[in-house]
Amino acid sequence: MIESVFSIDPTVLQQTGDPVEAVSIAVDVITEPYNFAFLVLAVVLGLVFGVLPGLGGPIAIALLIPLTFPLDSNVAILILTATLGATAFGGSVTAILLNTPGDAPNAATLLDGYPMTRQGRGGEALTASAISSAAGAFIGVILFLISVPFVRQLALAFGSPEMFWLAIAGLATVALATRGSILSDLIAGAFGLMLAFHGLNPVTGTARFTWGTTYLRGGIELVPLIIGLFAVAEMIKLLSAKTTIAEAERVSGGLSDGVRSSVKNWKLIIRSSAIGWLIGIIPGAGGTVANFIAYINAQQTSSNSEGFGSGDVRGVIASESSNDAKDGGSMIPTLGLGIPGSASTAVLLGAFIIHGVTPGPLLFRENLQLVFIVIFALLLSNILTSAIGLAAVTPLSKITQLSITTIAPIVIIIALLGSFAIRTNFGDVFFAVGFGIIGYIMMKHDMSRVIIIIALVLGPLAEQNFNRAIQISGGDYSILYTQPLSIVLILLTILVLTYPLYQAFKPSSQL
Amino acid sequence: MNLKKLTMESIPLKQKVSNSMRFISQYVSQISSERWEVVFLGILLAYAAALVFQAMSYSPDARLFPMLIGVPLLGMILVKILITHYPIRSISGTGGLVDRVSKEIEPNQTNEDDSEETASIVHIQRELTMTSWIVGVFILIWLLGFLNASAIFMFSFIYIYENSLIRAGGVTLLALIFIYGLFVELLSLPLWEGIILSSVLTLKPKTESTNND
């Protein structure tokens, strides 16, 4: 019955390789009232899942897949892509309000978003996030449209050596982004890398640092670590200080300030979106690296950059616009080559296959309407998410003034549930609590927790691609420094690492 | 602080717990924050050393990255311990590079008077209390399962600190409805039931054949 209600008339063409017909079919699918209602519901679900720590895109999409079985493939992909588009902004809400990134790509947002909340400017941060997210998604989609003829070349440009150097550049960039003691941050980053080496190495086949436990054979799971280091640690801190999340007496500077900030920094939005889109093309690396590179770029190219890390709205704008633009970039390897760019796009790929559609070059030849449905779904979901976010700015800001002894128990329970939900393994809850205590100690001693997360994501990427590159070259290490793109990335890494030394030793202009 | 007071039956449980925490906090506050940082770094050093030692037993491919990162990590932690324990002076002319390293210890070198010391003890007491709550809820979840532990934890925490039965009950009920609706109904997530309930459910009933044996 559901099929007959929601399917397009079978006499109407449903798939095509012609661009004009593809756009026409895509518009028909989206403007169908029931389909649009489904899209709105998917956006709300994606937003809720993005907000809750430990859940997020992959779970939201996986949850919806069975519900989309009876639907037409065009409608199913519309709903699932809309969910994907909504989760990114949802993750930024917790990053800004609770200092807990919804996912690793949201980690850069909390560097300035949470300090803004503590200053009573959570509304401004959320508004700037909403607007820059929508703008970033729009730019990312436009760039994707322009690049459709070059999809294959773009996605294949990055091989193992390039991926290795990109991960190294990402790690170097993050070390630069965090404020505080350089030595402490380096220790935190190196420790994060050592944590990343726990578990089974897929290239060498060696189980490392498992200490005889089956739990550690799978490595240290990222989400319980994020939940522990940020959500649990932050609740301990706020409860110990017996203060509300927002320290300011009035939670002011909402919509109008956020809009003004976003409009004033339109060039930053474009630049950060371009960075996010470019790096989003690279499978597996995208979101996390993109946001920090965009953040660093904003910090280094902006005047009066001393405020970064202490509540500068430009930090939020840069990271969020790149975070949403990367979705447009990640569709290039996902749709063009069938290589997922992230966990969320991996689940989306699964949905494609379940509905009888094989991503890859053939998709553009035989089901081009799906490409346009994905484009429109990303656009609309981001616009709707941002609109909902803007409407919810005031009530969300008020949460930061509620008594912490009421909010904290709820946050703790949901956080621990979220850590359990990943693998239904109680060991993840243990790790969340353990790293919560470690995270609090790290906060007290001014050690960066963000860099641990990034190291956990980029460490395996660097190692596995290094090993693959050496295997491909038959043991010849020159493969790492002879490719043009590799040389560019090496130079970028050197630039990133030497820039602080240059800043430290350059003669001061003021005597 | 007279420890004997802790054993007097006339003192309510809450007061006894508070007194215990205060006693521990006073002891903790007598040790400087630099010392505690050195302790934390020492634990980190021990674990990193264990990882490096373990890595030496792996094949060359498997130990390459752990050794590349682990050995410098050991060095950095040692340097950090030395800097924390033996603060260095700022050296002019380095453009702030050494300043940034040495500034880590400056905020801790403050003179505290009695009022600040009391505030510090109170703060430490709160930290220990809240950490105990977190550990406590973890143990509760392990024993009783998520739903039961959530109800007990949320209700008791809010009631103790807000002193409002209505708020505690209302917030707990709403939170449980949300948790059950989302995680159990929508996600069909098999929540952890707790080892006590799991043990009860897996108990084999006595049968006649068992008795005859």
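The chains referred to below are lettered A, B, ... by the order of the sequence lines, with proteins before strands, and numbering in each begins at 1. Note that the coordinates shown come from a computational prediction; the quantities given were computed from them, not determined experimentally.
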Pair A:Trp165, A:Asn465 - check side-chain contact (heavy atoms from CB on, under 4.5 Å), show working. CA-CA 9 Å; A:Trp165 284 114; A:Asn465 281 288; over 6 Å; no
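Contacts between A:Leu193 and chain B at a heavy-atom distance below 4.5 Å involve the side chain alone, from C-beta outward. Heavy atoms of A:Thr406 lying under 4.5 Å from chain B belong to its backbone as well as its side chain. For A:Phe191, the parts sitting under 4.5 Å from any heavy atom of chain B are the backbone and the side chain alike. Looking at A:Tyr440, the atoms closer than 4.5 Å to chain B (heavy atoms on both sides) all sit in the side chain, from C-beta outward. Contact of A:Leu416 with chain B is made through backbone and side chain together, with heavy-atom distances under 4.5 Å. Heavy atoms of A:Ala233 lying under 4.5 Å from chain B are absent altogether. For A:Ile410, the parts lying under 4.5 angstrom from a heavy atom of chain B are both the backbone and the side chain.
Between A:Phe420 and B:Trp192, the ring planes are perpendicular. Angles over 60° get that label, and only those under 30° would be called parallel. In this structure, B:Tyr161 and B:Phe157 have tilted ring planes: the angle between them lies in the 30° to 60° band. Ring orientation note: the planes of A:Phe197 and B:Phe65 are nearly perpendicular, at an angle over 60° on the 30°/60° scale.
Within a 6.0 Å sphere centred on CD1 of B:Ile177, heavy atoms belonging to other residues, nucleotides or ligands number more than 12.
Residues A:Pro409 and B:Phe153 are in side-chain contact: their nearest non-hydrogen atoms beyond the backbone lie under 4.5 Å apart.
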